[in-house]
2 protein chains.
Amino acid sequence: MRAGSPRLLREINDRAAIDALLRNGPLTRSELENLIGLSKPATAQLLTRLELDDVVRRDGLRGGGRGPRAQLWAVNGALAHVAAIDLTPDSVDIAIADISGTTLTEHHAPMPRGGDVLTAFTEAVGKALAEAHLNLSDLHHVVVGSPGAVDPATGQLGFAPHLPGWEGFDLPGRLTELLGTTVTVENDVNLVAVEEMIAGRARDVRDFVLIWPVDATGAAVVINRVLLRGATGGAGEIDWMRVPDLAEQDTGAGRQGDRYGELLSSVAVTRLAKAHGISARNALGAVTRALASGAAGREFLADLARRIASGVAGVVSVVDPELVLLSGEVAQAGGSVLCELVASELRRLVIPRTPVELALVGGQAVRAGALHSALAVVREQVFGLPTEDMLPPATRSSS
Amino acid sequence: MRAGSPRLLREINDRAAIDALLRNGPLTRSELENLIGLSKPATAQLLTRLELDDVVRRDGLRGGGRGPRAQLWAVNGALAHVAAIDLTPDSVDIAIADISGTTLTEHHAPMPRGGDVLTAFTEAVGKALAEAHLNLSDLHHVVVGSPGAVDPATGQLGFAPHLPGWEGFDLPGRLTELLGTTVTVENDVNLVAVEEMIAGRARDVRDFVLIWPVDATGAAVVINRVLLRGATGGAGEIDWMRVPDLAEQDTGAGRQGDRYGELLSSVAVTRLAKAHGISARNALGAVTRALASGAAGREFLADLARRIASGVAGVVSVVDPELVLLSGEVAQAGGSVLCELVASELRRLVIPRTPVELALVGGQAVRAGALHSALAVVREQVFGLPTEDMLPPATRSSS
DNA sequence: AAATCGTCTGGAAAGTTAACAGACAGGAGT
DNA sequence: ACTCCTGTCTGTTAACTTTCCAGACGATTT
């Protein structure tokens with residue numbers, strides 16, 4: 001802990017003002033006064049100083065009340081730009097935004113299966129930038145949301161079997177080289193959790209866990225409103241956790257249990273459905289069909305809930321969160337029925353009465369989370385704002 | 001985020017100075033200057049002001065070098081006092097310290113089995129205070145380390161079967177009434193983790209997990225150097241986690257697995273030892289004997305390590321810590337042999353190569369951890385120091 | 001003689017309170 | 001209906017307070 005001279009006060013107050021402007025949109029000077037607690041002359045001087053530095057700009061006038069129209073002030077978005085990218089096996093979904101958070105362009109592009117994905121990726125970014133009339137050099141940070149996890153030690157993407165062509169090298173490093181800006185790669189489930197924290201069910205929750213069951217089973221762990229990544233980027237990778245099969249229908253798991261992700265793979269879930277007399281092509285179909293059928297469907301869902309709950313129980317025993325969110329295609333399909341079943345099974349397994357809810361955000365949750373993450377990075381770089389929330393892992397240089 | 005006037009600077013600088021004095025013992029003014037970065041006159045004025053407020057006091061002179069002897073300054077310990085108490089089924093171990101951290105008294109007293117424990121507790125605290133020539137009113141905060149966990153909603157002690165007489169009421173609330181000071185009750189394993197973080201193996205580790213296997217199986221989870229307690233105080237209560245029995249010797253666990261604490265209960269471990277041809281009265285004996293015997297002992301220890309590792313794997317899958325520490329009587333008895341076995345079994349279960357080490361602190365780790373926790377509380381109360389580390393759970397009022 | 005301690009003086013940086021000129025809406029008076 | 005006054009709000013300027021800094025100076029010890 002270090003002391004400071006009056007200069008420190010400037011920094012603190014500037015940051016407070018920028019923070020308030022970013023959070024609450026354009027403000028008049030007197031509104032800003034109330035938010036940050038400075039006096040009228042100090043706030044006015046602060047604004048003119050920041051305007052000279054191109055940090056804030058005038059943004060219209062506000063009339064309506066008595067007295068003269070008040071000048072509105074906003075953060076100058078053109079100071080820096082970011083890209084947020086949702087990377088899936090088949091496509092990239094890109095958003096370009098400025099530092100104030102307004103999205104300038106959205107761009108969607110298919111990715112070649114097995115082809116030169118890196119080139120396709122770079123070209124897609126280039127197109128998106130062109131649409132926004134920007135160059136690569138205007139980009140200050142890029143966050144890519146993808147399945148799997150990047151090992152902070154090597155930069156290699158792991159846990160991502162569906163993304164061939166992206167594995168085996170220092171991914172953030174290579175992308176940083178290609179784009180000429182710092183690039184971080186973040187697990188997609190983690191980004192969904194970030195978005196739930198900002199605009200979803202977890203807005204007022206300090207500690208929660210977001211579970212993405214079935215298929216690429218994973219979890220995001222948020223503690224103190226900070227994403228937990230873990231020493232090797234593997235926090236929440238419960239896919240590999242060995243759990244007992246708690247389903248009543250025995251589909252052949254041994255005494256030594258099974259990988260959680262194995263029990264919840266699409267194949268295993270389909271097999272479980274079949275044992276209950278429900279045949280479907282994949283897990284999503286099984287769940288949808290089960291909801292439509294009667295008692296047998298109900299029994300299958302209960303068994304599925306038991307399997308899901310076994311892993312959730314492990315997470316709850318370790319972190320005892322305020323809330324468990326279920327997300328992902330299958331969980332959404334299962335709806336509140338499946339959610340309730342998981343909740344009641346969970347109550348049989350652990351002592352805390354942790355509520356289980358369905359995640360809220362849909363659509364482009366990954367990209368939205370990546371955008372907020374990228375904004376957090378540039379806002380820390382440019383303004384020194386301590387946005388510890390949702391920061392992506394330490395930016396790797398391509399050394 | 002709010003802005004501040006020059007007055008804020010005072011606060012920041014005062015706190016920085018107090019923090020530096022607390023951490024680095026008595027300092028001369030020029031040493032303090034270098035630590036906090038203030039100029040000579042400002043530091044001198046700061047010290048005389050704090051001296052007038054009785055916050056710091058002169059503490060001897062430092063000679064030896066050239067020039068006049070420099071005045072040494074220290075935080076005035078008499079400002080506030082704390083008690084740290086290690087509560088076990090049979091006894092209480094009390095330490096009284098002042099806010100500067102110097103221990104004034106240590107007091108040990110037996111607790112009546114089944115008798116009026118609260119009265120015995122209060123009397124023991126009174127005696128300890130008398131030895132330090134203090135009254136109850138001099139005590140600003142008390143931290144009690146005990147088995148089990150306090151539910152933050154009700155204040156009731158749970159998970160603590162060995163502590164009859166302490167359950168069924170708002171424990172911190174009652175103790176607060178009895179002592180007339182705020183009292184917090186903290187899980188003992190958590191306090192050991194705090195101590196490992198300050199003086200043990202976890203000094204430079206941000207995220208780690210301390211596992212206390214066998215008997216009252218529990219874990220402490222530290223994330224970002226902050227103890228994780230969980231929404232209901234149940235974080236780390238892996239005793240209740242359902243895991244498959246990974247031991248090669250089948251002692252009868254079903255397909256649906258077992259409670260982790262059940263697999264590692266003294267009885268179960270003794271039974272496992274017997275299956276390997278090692279007979280002993282309890283788990284501790286089994287482990288000690290196994291270390292002395294040959295191949296069979298080795299096999300038993302490997303099976304025990306498999307059981308231990310199954311739970312550790314769950315924790316590692318969820319939080320992916322930098323380090324796993326093994327603590328507790330049995331783990332200590334198992335020594336590096338058991339530790340190595342757990343480490344290698346763990347590597348077969350999870351992807352991260354998390355190192356497993358034996359915990360370092362012994363002796364009065366719980367009390368020491370409680371002391372640091374209590375100091376953190378009063379230092380925040382009195383000086384406003386933001387010691388987010390190791391703070392005990394929100395202090396409950398007895399309303 | 002050299003270095004160091006403690007104190008003193010003048011000044012720079014940041015913010016606060018108070019006062020004032022101008023702008024605008026709304027109501028009172030004609 | 002029109003004018004004019006009043007109250008409120010904006011933005012600026014001036015005087016003062018708080019806090020810290022740089023440098024100088026005498027005193028003290030090796």
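Lettering of chains follows the sequences in order, A, B, ..., and the numbering in each one begins at 1.
Position along DNA chain D of the nearest nucleotide to B:Gly65 versus B:Ala42 favours B:Ala42 as the more 5'-ward residue. For the pair A:Pro68 and A:Pro6, nearest-nucleotide mapping onto DNA chain C gives the more 5' position to A:Pro6. Comparing B:Arg66 and B:Leu72 by the nucleotide of DNA chain C that holds the closest heavy atom to each, the one mapping nearer the 5' end is B:Arg66.
When the shell of 6.0 Å around CZ of A:Arg23 is examined, it contains 12 or fewer heavy atoms from other residues, nucleotides or ligands. Atom CZ of B:Arg7 sits in a sparse spot, with 12 or fewer heavy atoms from other residues, nucleotides or ligands closer than 6.0 Å.
The closest side-chain donor-acceptor pair between B:His107 and B:Glu131 falls under 3.5 angstrom.
Remark: A:Arg69 is not in phosphate contact with C:dA23, judged by side-chain N or O atoms under 4.0 Å from OP1 or OP2.
Per the geometry, CD belonging to B:Glu33 stands 11 Å off C1' belonging to C:dG6, to the nearest Å.
When B:Val378, B:Asp19, B:Asp14, B:Ile99 are each tested for a side-chain contact (heavy atoms from CB on, under 4.5 Å) with B:Phe383, only one passes: B:Ile99.
Using modelled atom types, no side-chain atom of A:His141 and backbone atom of A:Leu139 make a donor-acceptor pair closer than 3.5 Å. Side-chain atoms of A:Asp98 come within 3.5 Å of backbone N or O of A:Ser100 as a donor-acceptor pair.
Using a 4.0 Å cut-off on heavy atoms, none of the residues of residues 49-64 of chain B approach DNA chain D.
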